[in-house]
Amino acid sequence: MIVATKQLFAHAYGKYAVGAYNINNLEQIMGLFKGCIDSQAPFIIQLSKGARSYANKQMLEAMIRTAEEIFPEAIFAVHLDHGDEQTCYECIESGFYSSVMIDASHSPFEENVAITKRVVDAAHAKGISVEAELGMLGGVEEHVQVDEKNACLTDPDEALEFVKQSGCDSLACAIGTSHGAYKFSGGQGIHFDRVKAIQDLLPGFPLVMHGSSSVPQDEVERINAAGGELKGAKGVDTAQYLPAAKLGVCKVNIDTDGRLVWTRVHREFFKEQPGNFDFRTPGKIFMAEYAKFIASRNELLGSAGELESLRESLKG
Ligand code: 13P
């Protein structure tokens with residue numbers, strides 16, 4: 001069942017975070033739904049501009065609607081990840097999306113507010129909620145690339161002002177994470193003092209954490225042992241997910257780690273079976289491994305086991 005993103009946030013706020021997983025193809029969709037049913041967790045499917053162009057937005061919608069029928073137990077929201085203004089309007093008009101993200105974080109504050117407010121007005125008229133971004137995460141996320149020197153943490157006073165002026169429903173904050181597989185060179189992590197300062201000024205307001213992949217070192221080692229060359233990749237400590245959730249982080253974005261599962265499965269499979277050319281065999285392994293990965297992330301986010309309680313709260 002597709003629900004409003006704000007319904008998921010209302011149930012999660014201060015207790016757990018909802019996993020927001022980037023999806024591009026059939027195998028990921030099947031693995032995602034299975035992993036969330038296995039762990040009894042609500043979830044958010046995120047479609048980026050790149051995914052909508054890679055798999056065709058109509059194909060993605062048809063696959064997700066079919067998955068909804070195959071897994072009738074599932075409760076989830078559909079979200080546009082890192083939208084520009086035009087893509088936001090397209091998704092708002094489509095009637096398929098629960099929420100959109102307008103990413104105008106590269107623009108100056110006033111312009112970010114103005115763009116976000118236009119999207120909010122259009123979205124709210126259709127009952128859709130809007131995630132906006134303030135502050136700049138480093139790293140690479142498809143078309144968005146920010147050098148570490150230009151990355152900056154979200155200022156709490158600005159966050160308060162931004163939410164007031166733009167009317168957005170949730171805010172992606174720069175709190176120490178970055179996009180992609182190469183997040184940290186040393187022991188950095190989430191700046192909890194910053195999250196707390198933002199929450200103090202915006203009590204009850206859902207925060208979003210981008211760049212939340214953990215880049216598991218055993219995964220990187222297995223990929224490299226099977227011919228990969230991922231050097232010095234480091235991610236977020238998964239033990240930090242739940243403490244962040246308790247401070248109002250309701251949505252945790254995970255993309256890179258899913259790509260690593262795909263890369264490990266396929267590299268190992270074709271290394272071990274160089275004469276094989278049936279893509280369905282590694283495809284099946286990937287779906288099972290991705291489902292396991294999703295279930296493990298839901299456990300760490302605290303969303304595992306929340307499905308029935310959410311279902312009950314939606315009836316009320
Ligand atoms: P990762 O690159 O850490 O998976 O972050 C994904 C993300 O934030 C998508 O918006």
task = Any chance you could measure L60, atom CG, to F96, atom CZ, to the nearest 0.5 Å?
result = 8.0 Å

request  = Indicate, with yes or no, if the rings of Y16 and Y241 have centres closer together than 6.0 Å.
outcome  = no

task = Look only at the side chain of S166 and the backbone of C168, and say whether a donor-acceptor pair between them is shorter than 3.5 Å.
result = yes

query = Do the charged groups of K284 and E27 touch, with an N to O distance under 4.0 Å?
reply = no

request  = Check whether the ring centres of Y290 and F286 lie less than 6.0 Å apart, and answer yes or no.
outcome  = yes

Donor-acceptor pair between H11 and E312 side chains, under 3.5 angstrom = no

request  = Look at atom CD of Q217 and say whether more than 12 heavy atoms of other residues, nucleotides or ligands are closer to it than 6.0 Å.
outcome  = yes

query = Between the side chains of K251 and Q46, does any donor sit under 3.5 Å from an acceptor?
reply = yes

request  = For residues I92 and K126, determine if any side-chain heavy atom of one lies less than 4.5 Å from a side-chain heavy atom of the other.
outcome  = yes

request  = List the steps, then state whether side-chain hydrogen bond (donor to acceptor under 3.5 Å, both in side chains) holds for H79 with S98.
outcome  = CA-CA 6 Å; H79 177 79; S98 316; over 6 Å; no

task = Kindly determine whether S129 and S99 satisfy side-chain hydrogen bond (donor to acceptor under 3.5 Å, both in side chains), including the steps that lead there.
result = CA-CA 5 Å; S129 54; S99 50; 4.6 Å; no

message = Using 0.5 Å steps for rounding, measure from the CD1 atom of I75 to the CD atom of Q40.
response = 9.5 Å

query = From M63 CE over to F33 CZ, what is the distance, rounded to the nearest 0.5 angstrom?
reply = 11.0 Å

Short side-chain donor-acceptor distance under 3.5 Å, N112 and H106 = no

request  = Without swapping roles, check the side chain of N224 against the backbone of L230 for a donor-acceptor pair under 3.5 Å.
outcome  = yes

task = Please confirm whether the backbone N or O of D237 pairs with a side-chain atom of S214, one donor and one acceptor, at under 3.5 Å?
result = no

task = Taking the side chain as every heavy atom from C-beta outward, state whether K246 and L242 have any atom pair closer than 4.5 Å.
result = yes

ask   = Between K292 and D38, is any pair of side-chain heavy atoms under 4.5 Å apart?
value = no

task = Test F76 against V3 for side chain to side chain contact (heavy atoms under 4.5 Å, CB included), laying out the working first.
result = CA-CA 6 Å; F76 63 101; V3 296; over 6 Å; no

inquiry  = If you count every heavy atom of other residues, nucleotides or ligands that lies below 6.0 Å from M1 atom CE, does the total exceed 12?
reply    = yes

request  = Answer yes when D84 and K49 have at least one side-chain N-carboxylate O distance shorter than 4.0 Å, and no when they do not.
outcome  = yes

ask   = Do R65 and E61 meet the salt-bridge criterion of a basic N to acidic O distance under 4.0 Å?
value = yes

key: N22: which of D257, N253, D81, T256 passes side chain to side chain donor-acceptor pair (under 3.5 Å)   = D81

query = Between the side chains of E93 and Y89, does any donor sit under 3.5 Å from an acceptor?
reply = no

inquiry  = The test is side chain to side chain contact (heavy atoms under 4.5 Å, CB included); show your working for I254 and R297 and say whether it passes.
reply    = CA-CA 9 Å; I254 299 177; R297 288 314 181 253; 4.1 Å; yes

ask   = Using 4.0 Å as the upper bound for N to carboxylate O, is an ion pair formed by D218 and R222?
value = no

inquiry  = Just verifying a value: how many Å separate C88 SG and I102 CD1, rounded to the nearest 0.5 Å?
reply    = 4.0 Å

task = Dump the intermediate steps for side chain to side chain contact (heavy atoms under 4.5 Å, CB included) on R311 and E73, then the final yes or no.
result = CA-CA 10 Å; R311 200 183 309 283; E73 244 194 286; 4.0 Å; yes

request  = Determine, for K271 against E268, whether the closest basic-nitrogen to carboxylate-oxygen distance falls under 4.0 angstrom.
outcome  = no

Check: N298 side chain, S39 main-chain N or O, donor-acceptor pair, under 3.5 Å = no

inquiry  = Ring centres under 6.0 Å, that's the criterion: do Y13 and F205 meet it?
reply    = no

